[in-house]
Amino acid sequence: MAEAEEDCHSDTVRAGDDEENESPAETDLQAQLQMFRAQWMFELAPGVGSSSLETRPCKAARGSLLKAAADTKGKQELAKEEKARELFLKAVEEEQNGALYEAIKFYRRAMQLVPDIEFKITYTRSPDGDGVGNSYIEDNDDDSKMADLLSYFQQQLTFQESVLKLCQPELESSQTHISVLPMEVLMYIFRWVVSSDLDLRSLEQLSLVCRGFYICARDPEIWRLACLKVWGRSCIKLVPYSSWREMFLERPRVRFDGVYISKTTYIRQGEQSLDGFYRAWHQVEYYRYIRFFPDGHVMMLTTPEEPQSIVPRLRTRNTRTDAILLGHYRLSQDTDNQTKVFAVITKKKEEKPLDYKYRYFRRVPVQEADHSFHVGLQLCSSGHQRFNKLIWIHHSCHITYKSTGETAVSAFEIDKMYTPLFFARVRSYTAFSERPL
């Protein structure tokens, strides 16, 4: 026991001597190590995050650094956008001067800096005419001015000698310019452009000439007359539309600048061969054509002939095609907001010449009858075009005997033979009519 105590005492004395012999650097290293261990154990404790260990001065310093970085980044973005704007306007100016190669280079450099720079800037012609890029309008200002283009153009018109001038000649000429005509005469010309065939497409193209023509083409009276011609008394109120033009463009209606066409194809079994070894099969194709007019008339034709030869004949109602059916139609809108077209068509009446050869012979009286076809179609849109599709609802034949006045009705089953009719616009139909709107 005494020896053990002496050994422990000697170890303690030796440890004390070692501690006295340690240098200050080793002491600091031990202190840092102990501090690291304590911090590490504290972080491992549940519910304690690394963010809580940061001191307030560290947080403040980091926040100031982030704010400075954000400000620097924002200034760089503004400088980059300004540089891209300058390059874009320079490209516009070069393009206006005819230097397309130089313009492409500036466009490319501007798009490399800001890919959507063309949507962030718009340009207008400068008053001096020096170039397009000398003055520009930002999107916000441009949107506020172009929200109502009609009002904007009306404000830009000039007044001279208390007379409203819709347009001015670009070059001086000894001939009389159209701007000299009074407003009433111009509006009458525009009504001739629309014509009784409601060629509103030509009116829209005419509005692209100048600001004055744009104002004339937006005249509410022209569009009101067009709506009355299509829907009659059912369009007295504008609600829920904001203008007559919006009603004509948005409200469902049949189109008048072309023909609705459907193609039907089916297989029919033919007669058996003479030797009885095989039976022929025939592929039958035919077309249905329906042409609507603004005054309520409609034409219908079923024929195997191609549209290239038939469509030109349907331009007017005075066609010489024998198999064509003529009639009237009306539009009906149900409670389910589905617009339907109902038509009653009959065959053209042909006057038979009197046959004097057999006038002295007694003939067997033939019971005369009138045939009329009742058609129901549903109007809808397909693809990007509006009101370009008609779906069959019903089709029936009404036979009225003149001698007795009785009527027999024969309804046809709507099957796969009644394919939908799709609209095909015909440019030759949009010509000047014999009467104005």
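Side chains are part of it too, since the values below use all heavy atoms of this structure and drop only hydrogens, waters and symmetry mates. Index from 1, following the sequence.
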Tyr287 side chain near Ile261 side chain, heavy-atom distance below 4.5 Å: yes

Distance, nearest 0.5 Å, that separates OH of Tyr286 from NZ of Lys263: 12.5 Å

Heavy-atom closest pair (Trp244 atom, Cys227 atom, distance to 0.1 Å) is O-SG, 3.4 Å

State, yes or no, whether a side-chain contact exists between Thr346 and Leu326 at a heavy-atom distance under 4.5 Å. no

Pairing of Glu204 and Arg201 as salt bridge, 4.0 angstrom limit: no

Please list, chain by chain and in numerical order, all residues satisfying ring-ring contact (aromatic ring centres under 6.0 Å, His included) with Phe342, sequence neighbours excluded. none

How many angstroms lie between CZ in Phe106 and CG in Leu89, if you round to the nearest 0.5 Å? 11.5 Å

Got a second to check how far Leu203's CG is from Phe190's CZ, nearest 0.5 Å? 7.0 Å

Run the side chain to side chain contact (heavy atoms under 4.5 Å, CB included) check on Lys340 and Leu331 step by step: do they pass? CA-CA 6 Å; Lys340 299 178 180 179; Leu331 297 176; over 6 Å; no

Counterpart residues, salt bridge (charged side-chain N to carboxylate O under 4.0 Å, His left out), relative to Glu102 (two or more places apart): Lys105

Residues in salt bridge (charged side-chain N to carboxylate O under 4.0 Å, His left out) with Arg255, at least two apart? Asp257

Roughly how far, to the nearest 0.5 Å, is the OG1 atom of Thr419 from the CG atom of Leu390? 11.5 Å

With sequence neighbours left out, what residues match Lys83 under salt bridge (charged side-chain N to carboxylate O under 4.0 Å, His left out)? none

Should the heavy atoms of other residues, nucleotides or ligands under 6.0 Å from CD of Gln269 be counted, would the total exceed 12? yes

Does His177 reach the main-chain N or O of Ser179 with its side chain, forming a donor-acceptor pair under 3.5 Å? yes

Distance in Å, Ile324 CD1 paired with Ile310 CD1, rounded so as to fall on 0.5 Å steps: 8.5 Å

Any side-chain donor-acceptor pair under 3.5 Å between Tyr101 and Glu94? no

With a 4.0 Å cut-off on N to O distance, would you call Glu250 and Arg245 a salt bridge? no

Kindly indicate whether the side chain of Val298, heavy atoms from C-beta on, has any atom under 4.5 Å from the side chain of Ile290. yes

Does NZ or CZ of Arg291 come closer than 6.0 Å to the centre of the six-membered ring of Phe293, within 45° of the ring's axis? yes

How would you list, by chain and number, every residue that makes a side chain to side chain contact (heavy atoms under 4.5 Å, CB included) with Gln308, sequence neighbours excluded? Glu306

The criterion is ring-ring contact (aromatic ring centres under 6.0 Å, His included); which residues satisfy it with His394, sequence neighbours excluded? none

Aromatic ring proximity Phe248/Tyr241, centre distance under 6.0 Å: no

side-chain hydrogen bond (donor to acceptor under 3.5 Å, both in side chains) against His374, all qualifying residues, sequence neighbours excluded: none

Do side-chain atoms of Asn388 reach the backbone of Ser382 as a donor and acceptor pair under 3.5 angstrom? yes

By ring-ring contact (aromatic ring centres under 6.0 Å, His included) - contacts of His371 (at least two apart): none

Counting neighbours of CZ on Arg109 that are heavy atoms of other residues, nucleotides or ligands and sit closer than 6.0 Å, is the number greater than 12? no

With heavy-atom distances below 4.5 Å as the criterion, would you say the side chains of Arg313 and Glu305 are in contact? yes

Residue list, side-chain hydrogen bond (donor to acceptor under 3.5 Å, both in side chains) with Thr400, at least two apart or on another chain: Thr407

On the six-membered ring of Trp231, is Arg330 placed so that its NZ or CZ lies under 6.0 angstrom from the centre and within 45° of the ring axis? no

With Phe292 via ring-ring contact (aromatic ring centres under 6.0 Å, His included) - residues at least two apart: Tyr260, Tyr329

Could you work out, with salt bridge (charged side-chain N to carboxylate O under 4.0 Å, His left out) as the rule, every residue matching Lys80, not counting sequence neighbours? none

Over 60° means perpendicular and under 30° means parallel, so classify the ring planes of His395 and Phe373, tilted if in between. tilted

CD of Gln338 to CG of Leu379: how many Å apart, nearest 0.5 Å? 10.5 Å

In sequence, state the C-alpha distance, the side-chain angles, and the governing distance for Leu301 and Leu325, and then conclude on side chain to side chain contact (heavy atoms under 4.5 Å, CB included). CA-CA 6 Å; Leu301 178 62; Leu325 303 177; over 6 Å; no

NZ/NE/NH1/NH2 to OD/OE distance under 4.0 Å, Lys90 and Glu95: no

Please assess Glu221 against Arg224 for the test side chain to side chain contact (heavy atoms under 4.5 Å, CB included), listing each intermediate value before the final yes or no. CA-CA 5 Å; Glu221 184 63 20; Arg224 187 185 71 85; 2.7 Å; yes

Name all residues meeting the side-chain hydrogen bond (donor to acceptor under 3.5 Å, both in side chains) criterion together with Arg108; count only those two or more places apart in sequence or in a different chain, and write none if there are none. none

I would like to know whether Arg288 and Trp392 meet side chain to side chain contact (heavy atoms under 4.5 Å, CB included); could you show each step before the answer? CA-CA 12 Å; Arg288 285 192 179 97; Trp392 290 89; 3.5 Å; yes

